[in-house]
There are 2 protein chains.
Amino acid sequence: MGNVGRWQPDSRGRLQEAALVLFAERGFDQTTAAEIAARAGLTERTFFRHFADKREVLFGGSDLLKDRIVSGVSGAPASDGPLDAVARGLDAAAAMLGQFRRDLSRKRQAVISANPELRERELAKIADYAAAVAAVLRDRDVGEPQATIAAEAGMTLLRVALERWGSAYDDRDLTTTMRDTITELRAVAVAVDG
Amino acid sequence: MGNVGRWQPDSRGRLQEAALVLFAERGFDQTTAAEIAARAGLTERTFFRHFADKREVLFGGSDLLKDRIVSGVSGAPASDGPLDAVARGLDAAAAMLGQFRRDLSRKRQAVISANPELRERELAKIADYAAAVAAVLRDRDVGEPQATIAAEAGMTLLRVALERWGSAYDDRDLTTTMRDTITELRAVAVAVDG
């Protein structure tokens with residue numbers, strides 16, 4: 001590949017960490033790409049080699065995450081019920097997201113929660129995952145509205161599980177938290193005859 | 001009450017209808033309060049007697065809706081399970097929202113969907129309902145994470161039911177659609193052993 005100058009294998013990770021620390025300290029809008037690069041001990045050019053803009057630091061993994069979720073659902077055995085199949089997609093999501101450092105994941109969520117534009121973008125991403133999952137379920141011959149309900153409920157569980165995992169009082173790994181969240185929904189959904 | 005001039009009992013409804021028609025035609029950002037008033041055959045002053053700003057035409061009922069949902073949940077019999085109690089809140093929501101003209105409700109949803117800032121506001125409102133419902137469930141001695149999961153799942157169902165009711169191919173009343181959506185979640189949530 002020739003000489004890539006000061007490029008280092010870990011530049012991307014260092015930029016992400018520097019960005020999340022600065023976003024959390026100063027706010028997203030008050031942080032520039034140049035400042036992120038400086039904090040990481042890298043040049044602005046290096047920043048833009050890895051990210052199109054500072055928003056991509058927060059959302060750069062979302063296409064991959066969507067692919068993983070969709071693959072998880074579409075690879076479910078035919079005998080799976082709709083939420084069983086969605087649960088396989090959530091397992092795949094947990095396997096990917098659970099690799100991130102929990103403290104950085106928590107910072108990411110805090111940064112997004114503090115900014116209406118970022119919240120909207122995050123929720124739009126999750127709505128997009130839900131639409132993709134519903135489409136996969138329909139391909140599996142799940143009818144409507146079941147497909148949409150299972151997909152939307154699943155993405156709600158993803159959101160709740162990520163919040164629990166990011167919170168200080170939940171020390172388990174993301175896969176365990178995710179599965180537990182699904183089990184709790186199943187328990188909660190049972191009708192009680194009063 | 002004395003002379004209230006040109007005020008008419010139906011001014012508020014006329015302003016709402018005019019606003020939704022204009023928002024749908026021109027976009028929310030391109031519509032002014034003066035234009036809404038003119039379309040309704042009323043003065044701008046009358047508009048501001050009913051609404052603080054044009055956003056309130058879309059969101060003015062949300063505090064009342066939250067109260068209705070919360071009252072529905074807190075009034076549920078002690079024997080209700082978490083989702084049973086949430087379902088009573090959703091019934092109360094359907095009773096209130098189902099009184100609106102469906103064509104205007106559909107216009108409202110289309111206007112909100114087309115505008116990121118309005119989408120964010122709508123989702124923030126729904127997140128606020130979910131937090132309030134979770135608090136009521138905890139008061140009913142539902143533990144965490146069950147309370148949050150039941151509340152979040154319930155608000156997801158509210159959103160899905162409103163979309164279904166607003167869609168052209170669903171002719172049933174909102175209460176029926178809402179109850180059906182809850183029943184479908186219960187059915188979808190059952191684990192199938194593959």
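Lettering follows sequence order; numbering is per chain, from 1.
Using a 4.5 Å cut-off between side-chain heavy atoms of Ile, Leu, Val, Met, Phe, Trp and Tyr, with links allowed through other members, B/Leu137 and B/Val70 fall into the same hydrophobic cluster. Put simply, B/Val133 and B/Leu97 are part of the same group of oily side chains (I, L, V, M, F, W, Y) that touch within less than 4.5 Å, one to the next. Residues A/Leu162 and A/Ile69 fall within the same hydrophobic cluster, defined by Ile, Leu, Val, Met, Phe, Trp and Tyr side chains chained together at heavy-atom separations under 4.5 Å. Criterion: ILVMFWY side-chain heavy atoms under 4.5 Å apart, direct or through other members. Under it, B/Val111 and B/Leu15 are part of a common hydrophobic cluster. Hydrophobic cluster membership differs between B/Val21 and B/Ile112, with clusters built from Ile, Leu, Val, Met, Phe, Trp and Tyr side chains linked at under 4.5 angstrom.
Heavy atoms only, all atoms of each residue included: A/Ala153 and B/Thr156 are closest at N-CG2, 4.2 Å. Scanning both residues, B/Glu184 and A/Pro145, for their nearest heavy atoms gives CG-CG, 4.0 Å.
Atom CD1 of B/Ile149 is separated from atom CZ of A/Arg186 by 12.0 Å, given to the nearest 0.5 angstrom.
Within a 6.0 Å radius of CZ in B/Arg39, more than 12 heavy atoms belonging to other residues, nucleotides or ligands are found. Under a cut-off of 6.0 angstrom, the local environment of CZ in A/Arg45 is sparse, with at most 12 non-hydrogen atoms contributed by other residues, nucleotides or ligands.
Among the candidates A/Leu157, A/Val142, A/Thr183, A/Thr181, the residue making the largest number of heavy-atom pairs closer than 4.5 Å to chain B is A/Thr181. Across A/Ala161, A/Pro82, A/Ala150, A/Pro116, the residue that shares the most heavy-atom pairs under 4.5 angstrom with chain B is A/Pro116.
Heavy atoms of A/Arg159 lying under 4.5 Å from chain B belong exclusively to its side chain. Neither the backbone nor the side chain of A/Pro77 comes within contact range of chain B; no heavy atom of the residue lies under 4.5 Å from a heavy atom of that chain. The part of A/Val190 that comes within reach of chain B is its backbone (N, CA, C, O), which places non-hydrogen atoms under 4.5 angstrom from that chain. For a residue to count as touching a neighbouring chain, one of its non-hydrogen atoms must lie under 4.5 Å from one of that chain's; by this rule A/Leu185 touches chain B with backbone and side chain alike.
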